*Asks:* 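Please find one structure pasted underneath; my questions will follow.
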Number of protein chains: 2
Amino acid sequence: MKYSKATDYALHTMLFLTAATPQKPMGVQQLAERQSVSPTYLSKILTKLVKAGMIESTTGVNGGYRLKRDWENISFLDIIHAIEGTASLFDCSFEHGPDCPIQKVVLAAEEKMEEQLRNQKMSDLVRNLNIVN
Amino acid sequence: MKYSKATDYALHTMLFLTAATPQKPMGVQQLAERQSVSPTYLSKILTKLVKAGMIESTTGVNGGYRLKRDWENISFLDIIHAIEGTASLFDCSFEHGPDCPIQKVVLAAEEKMEEQLRNQKMSDLVRNLNIVN
DNA sequence: TCAATTACGGACTTCATGTATCTATAATAG
DNA sequence: CTATTATAGATACATGAAGTCCGTAATTGA
Ligand code: SF4
Ligand code: SF4
């Protein structure tokens with residue numbers, strides 16, 4: 001069980017964009033180089049973030065990706081859910097109702113993790129930042 | 001990102017074994033039927049639990065699987081680690097040292113989840129149990 | 001208007017892993 | 001000795017991740 005590399009790319013891209021806080025959009029070319037990943041593939045990933053409403057894109061010359069309003073409240077969980085989906089870590093095919101003991105335990109643990117990821121905002125991270133790749 | 005079905009099978013098998021607390025071992029045949037899974041496949045999974053020291057197996061007639069001493073302290077995390085391995089959810093190829101911001105956040109969240117899973121023992125679960133498949 | 005730039009989308013390939021089966025072997029009870 | 005049961009290897013199959021290719025649309029600037 002692992003987070004996908006796509007999630008890795010998405011997190012780093014959001015870190016870069018948040019650290020930059022530019023007026024000008026950042027091109028996928030530039031973002032891809034810093035992560036040693038193909039631009040077209042990264043573009044696919046970033047489109048998910050666009051659809052999730054976290055960033056916006058502009059085509060054409062000098063286009064690229066830029067944070068949207070409310071960017072200060074974007075959490076790790078938001079980004080992860082946008083890429084990985086919101087399905088839970090554990091789902092069995094049977095349905096033993098609310099008395100199911102196993103599912104209850106695992107999902108409670110997952111919720112603890114998500115709580116942490118929800119409380120950590122990208123913008124908090126950028127404040128005390130010295131290295132950004 | 002999901003837990004494998006093998007983990008599902010392992011958790012349920014441990015639940016069954018813990019609920020039974022038998023002197024006689026339970027055969028894989030019986031265990032497999034209750035989960036609608038092939039016996040040989042389940043056997044492979046249970047062998048991992050044997051190697052991890054949680055259960056013991058006896059071959060031959062009336063053989064099967066049985067809990068080992070200290071079974072009361074087996075946690076969800078023990079079982080999950082035995083099947084999924086202990087690698088962390090997130091590992092990037094770069095090495096930015098202890099100042100790495102992203103890894104720090106994700107691993108801290110993972111630790112919260114593991115803490116929950118570590119505190120939940122199978123034996124606790126069995127006490128207030130009415131349905132076991 | 002035209003050409004360069006940039007994101008978007010679909011189809012596709014490749015690869016790793018999970019899932020599962022089959023079969024042969026070894027050990028044990030009766 | 002025979003039936004039973006776990007173990008291990010080889011193999012097959014399905015699924016999803018990771019990545020490429022290419023055509024399309026939109027926008028800027030000359
Ligand atoms: S006990 Fe829970 S996890 Fe297990 S089969 Fe029933 S519903 Fe599923
Ligand atoms: S910032 Fe952390 S997670 Fe990102 S590339 Fe550096 S070491 Fe890896």
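What you are looking at is a predicted structure, and each value in this text was computed from that prediction instead of being measured.
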*Asks:* Round to a whole Å and report the spacing from CD of A/Q35 to P of D/dA18.
*Replies:* 14 Å

*Asks:* Starting at CD of A/E56 and ending at P of C/dC8, how long is that distance when rounded to a whole Å?
*Replies:* 11 Å

*Asks:* Given the rule in the salt bridge (charged side-chain N to carboxylate O under 4.0 Å, His left out) test, do A/R69 and A/E56 qualify, once you have shown the distances and angles that lead to the verdict?
*Replies:* CA-CA 10 Å; A/R69 51 261 157 209; A/E56 60 187 357; 3.6 Å; yes

*Asks:* Which residue is it: B/K121, B/E115, B/Q116, B/Q120? I am looking for the one with a side-chain contact (heavy atoms from CB on, under 4.5 Å) to B/R118.
*Replies:* B/E115

*Asks:* Does D/dT7 have OP1 or OP2 sitting under 4.0 Å from an N or O in the side chain of B/Y65?
*Replies:* yes

*Asks:* What is the distance from CD1 of A/I55 to P of C/dA7, rounded to the nearest Å?
*Replies:* 10 Å

*Asks:* Among the candidates D/dT27, D/dC22, C/dT19, find the nucleotide nearest to the side-chain atoms of A/T59.
*Replies:* D/dT27

*Asks:* Closest-nucleotide mapping onto DNA chain D: is B/K44 or B/G27 further toward the 5' terminus? I mean the 5' end.
*Replies:* B/G27

*Asks:* A/L31 has an atom CG; how far is it from atom C1' of C/dA7, in whole Å?
*Replies:* 12 Å

*Asks:* Quick one about B/Q35 and B/T13 (side-chain donor to acceptor, distance below 3.5 Å, no hydrogens or angles considered), yes or no?
*Replies:* yes

*Asks:* Starting at atom CZ of A/R66, determine the distance to atom P of D/dT27, rounded to an integer number of angstrom.
*Replies:* 13 Å

*Asks:* For A/N62 and C/dT5, is the shortest distance between a side-chain N/O and OP1 or OP2 below 4.0 Å?
*Replies:* no

*Asks:* Rounded to whole Å, please give me the gap between CD in B/Q30 and P in D/dT5.
*Replies:* 10 Å

*Asks:* When the nearest nucleotide of DNA chain C is assigned to B/Y9 and to A/T58 on a heavy-atom basis, which residue is associated with the more 5' position?
*Replies:* A/T58

*Asks:* Taking only side-chain nitrogens and oxygens of A/K51, does any of them come within less than 4.0 Å of OP1 or OP2 of C/dG9?
*Replies:* yes

*Asks:* Testing A/L46, A/L67, A/I74 for side-chain contact (heavy atoms from CB on, under 4.5 Å) with A/M54, which one passes?
*Replies:* A/I74

*Asks:* Which residue, A/V61 or A/S4, contacts DNA chain D at a nucleotide closer to its 5' end, judged by nearest heavy atom?
*Replies:* A/S4

*Asks:* D/dT20 phosphate, OP1 or OP2: any side-chain N/O from A/S38 under 4.0 angstrom?
*Replies:* yes

*Asks:* Nearest-Å distance, CE (A/M1) to P (D/dG16)?
*Replies:* 17 Å

*Asks:* Look at all strands and tell whether B/V28 reaches a base, only sugar-phosphate, or nothing, counting heavy atoms closer than 4.0 Å.
*Replies:* sugar-phosphate

*Asks:* For D/dG16, does OP1 or OP2 lie under 4.0 Å from any side-chain N or O of A/K2?
*Replies:* no

*Asks:* With respect to the phosphate group of C/dA7, does any side-chain polar atom (N or O) of A/S57 fall under 4.0 Å of OP1 or OP2?
*Replies:* no

*Asks:* Mapping A/T47 and A/G63 onto DNA chain C by nearest heavy atom, which one lands closer to the 5' end?
*Replies:* A/G63

*Asks:* Is A/K68 atom NZ crowded by more than 12 heavy atoms from other residues, nucleotides or ligands, each under 6.0 Å away?
*Replies:* yes

*Asks:* What is the nucleic acid contact for B/G60, judged by heavy atoms within less than 4.0 Å: base, sugar-phosphate only, or nothing?
*Replies:* base

*Asks:* Quick one, A/H12 and A/D8 - any side-chain contact, counting heavy atoms below 4.5 Å?
*Replies:* yes

*Asks:* Rounded to whole Å, how long is the line connecting atom CG of A/L49 with atom P of C/dC8?
*Replies:* 11 Å

*Asks:* Is any side-chain nitrogen or oxygen of A/T40 closer than 4.0 Å to OP1 or OP2 of D/dT20?
*Replies:* no

*Asks:* Is a donor-acceptor contact shorter than 3.5 angstrom present between the side chain of A/K5 and the base of D/dG19?
*Replies:* no

